[in-house]
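Worksheet for the structure shown next.
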4 protein chains.
Amino acid sequence: MTQARAPRADAVRNRKKILTAAGEQITAHGPDVGMDEIAAAAGVAVGTLYRHFPTKTDLVAAVVAEFVARVADDAEAALARVSTGTPALDELTAFLSRVIEASVTDRAVKAAAQALGAEPGDRAAEDRAGAAVAALIHAGQADGDIHPDVTVNDIYLLFSTAPTDQPSVDRWLTLVVPGLTTQARPADS
Amino acid sequence: MTQARAPRADAVRNRKKILTAAGEQITAHGPDVGMDEIAAAAGVAVGTLYRHFPTKTDLVAAVVAEFVARVADDAEAALARVSTGTPALDELTAFLSRVIEASVTDRAVKAAAQALGAEPGDRAAEDRAGAAVAALIHAGQADGDIHPDVTVNDIYLLFSTAPTDQPSVDRWLTLVVPGLTTQARPADS
Amino acid sequence: MTQARAPRADAVRNRKKILTAAGEQITAHGPDVGMDEIAAAAGVAVGTLYRHFPTKTDLVAAVVAEFVARVADDAEAALARVSTGTPALDELTAFLSRVIEASVTDRAVKAAAQALGAEPGDRAAEDRAGAAVAALIHAGQADGDIHPDVTVNDIYLLFSTAPTDQPSVDRWLTLVVPGLTTQARPADS
Amino acid sequence: MTQARAPRADAVRNRKKILTAAGEQITAHGPDVGMDEIAAAAGVAVGTLYRHFPTKTDLVAAVVAEFVARVADDAEAALARVSTGTPALDELTAFLSRVIEASVTDRAVKAAAQALGAEPGDRAAEDRAGAAVAALIHAGQADGDIHPDVTVNDIYLLFSTAPTDQPSVDRWLTLVVPGLTTQARPADS
DNA sequence: TATGAATGAGCGTTCATTCAT
DNA sequence: CATGAATGAACGCTCATTCAT
């Protein structure tokens, strides 16, 4: 009985504007930006914002979900390249590096998500990312490069504990990648 | 010249109560606990809390400083054991493990310190810890067990990125320790 | 282009209620009344009060501005009567008397304005009042009744130093008016 | 520093120190200085301050009383000069001028007294001042210089309404003195 | 007695959320 | 539906006053 929804266009556009603005504001000013500021940045009134996202937690969850969707896309692209011959370990570490670099910029998103205990909110995107990462891991294990006990959860664990300031990221990757592989860290790495 | 100040007894006891309560409250409810709640948990009035710590930032810094002092004690004890023959790498990883386990309990302290930009406040304790850790690293490098480029900052980096939930800690240590060493992670680790 | 804004009605009414209540509360309890008390007296929540006046200083400035606007109206009315034949000195002293009587009721407004260093906020009203008073003075000087060196600032000076308790006002006017005129105070004044 | 027991001497010295410090602090920082700051400036603990003055109002009253005592001294000196031939009107206006100049510096004291509704507290000094001023007025009236209906209360009224900023004081005296005399303000005054 | 630590009501202000328009 | 005014609990912090030492 849910009939034709004519005003969908506006609603969809508003939702997009709000998500974009929320991402920008949280990134720029931290997770404590006021809802009023987000609404103003989106060019809507607070009421509209609450129509789309009943609580601040929901809004942050949606912002996080967008990030997860981009991660899933990235993981699937990496997997596609592996199927054309690139070594899976290289793709996995490059993927790890890209995601973490991105989360430096979006650092507040992570903080916000944790601070507010936001639910992921987009199980589908998470599943897509998980499947692609699992496939990368398996391919690397088949190559003998990735340590046999590594799982998707290990990658998630590293995501969730990555440093949030740019200069630390490279060193952290250097320290962390050997644990995923079958090789010792070279003396000059 | 160094007179015993009689009325200090209460004040000292209150300071202790406040620090303890602050640690507990921040751990339990995050860095955003109200000062009133901390005061209530300590069994004092807010004014008393502000007499001891002029701002919330100061209070959080003091809580963090206490934690740092305990870490310094731990590092020095580990270093002492190395000088009696224990392998330095074992002591370093055990130390890492202990500190991180402890910071799981005190997890919010870290978040609080970052959130509020709290100054360490106790440079001496930090220096003590740094010196002991540096000595541990050098001993391990002399043994040929610890990778030659590892520094104290690497250990700090790992501290600051350690997971904050209990079950993840062990696995995380497994993944992270190989980066500190000259050896690959064994297939069955 | 000049659209009627429907939802403004409530806001306008609230603003009025707040200004009225603020004036009453400040008069009754001095410039240190709490914002909560003003809000309660106005029948709104504090937040509403802050929506209309971002700081306490702004609120006080608005209360003062209302008073200034009434003074300007009074001065202009007096000037109009002079142009129809009333002696300017009589109108000026009567105006002085009226404003000061009014400021007895609104006494705290003055104190509040000074205490908070509030900006007038309504320069237009102040200019109107100043122009009308200047015209009154000039007319009285043309009549030969008002002392030739009297200026608008003298009137402001008297405003700002008027007594704030009712019984003193009449005597104070008796003492102060001769300084504005070309005549000595009569023996039986 | 703990001398032999001379309870009275210490107490008297402390009272003096507190009064001096209170006067300075209130003059320097306005009537809202904290009791702690006054105590610190006096070199005593708050408790001592409260031993001498049970409330802040009492302390301010005492500061005001000191000022009144100085005014009484001034008035009596003026009266003495009149008895040696100086015109009483000149002495009265000069006295008015001196007191008001002094109250510009001590302006915060007056503000504090009003703000706190402090009782004068030192009836004796007030009576002394009143008697001397009354005698000045009578002498001026005998000379035919001072208007016959002027009373001590008129002088008090002028004190209480004097401007508190330096530049205004001279002009204000010019405007106000004619009301006390039997003469019109000269055209070039 | 003097000390200064403790008290706690109160302050101005903020902000996630609700609801009349 | 969007709007934005209204709500009110909560926040960090202050300060006149009290009271144990």
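Naming convention: chains lettered A, B, ... in sequence-line order (proteins, then strands); numbering from 1 in each chain.
- Residues satisfying the salt bridge (Lys or Arg N to Asp or Glu O under 4.0 Å) criterion with Arg51(A), sequence neighbours excluded, are absent altogether.
- Between the Thr48(D) side chain and the Val44(D) main chain, no donor and acceptor come within less than 3.5 Å of each other.
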Contact string for nucleotides 8-14 of chain E, one letter per nucleotide 5' to 3', B = base within protein heavy-atom range under 4.0 Å, S = sugar-phosphate only, - = neither, reads BB-SSBB
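- Residues forming a side chain to side chain contact (heavy atoms under 4.5 Å, CB included) with Val46(A) (at least two apart in sequence, or on another chain): Met35(A), Asp36(A), Ala39(A), Tyr50(A).
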Test side chain to side chain contact (heavy atoms under 4.5 Å, CB included) on Val63(B) and Phe67(B) and set out the steps. CA-CA 7 Å; Val63(B) 170; Phe67(B) 184 72; over 6 Å; no
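- One interatomic measurement links the two molecules: CZ of Arg15(A) to C1' of dC1(F), which rounds to 16 Å at whole-angstrom precision.
- Using a 4.0 Å cut-off, no side-chain N or O of Arg51(A) falls inside it from OP1 or OP2 of dC1(F).
- Atom CD1 of Ile38(B) is separated from atom NZ of Lys56(B) by 6.0 Å, given to the nearest 0.5 angstrom.
- Atom NE2 of His52(B) and atom P of dC13(F) are 16 Å apart (whole Å).
- For the pair Leu49(B) CG and dT14(F) P, the interatomic distance rounds to 12 Å; values are reported in whole Å.
- At whole-Å resolution of the value, CZ in Phe53(D) and P in dT17(F) are 14 Å apart.
- One atom, CD of Gln25(A), and another, P of dC15(E), lie 13 Å apart when rounded to the nearest Å.
- A search for side-chain hydrogen bond (donor to acceptor under 3.5 Å, both in side chains) contacts involving Gln25(C) returns His29(C), not counting sequence neighbours.
- If you measure from atom CG of Leu59(A) to atom P of dT17(E), you get 10 Å, rounded to the nearest angstrom.
- In this structure, OG1 on Thr55(A) lies 8.5 Å from CG on Leu59(A), to the nearest 0.5 angstrom.
- Residues that satisfy the side chain to side chain contact (heavy atoms under 4.5 Å, CB included) test with Glu24(C), not counting sequence neighbours, are Thr20(C).
- Remark: DNA chain E takes part in the stems E:2-21 with F:2-21, each of 3 or more antiparallel Watson-Crick or G-U pairs, criterion distances under 3.5 Å.
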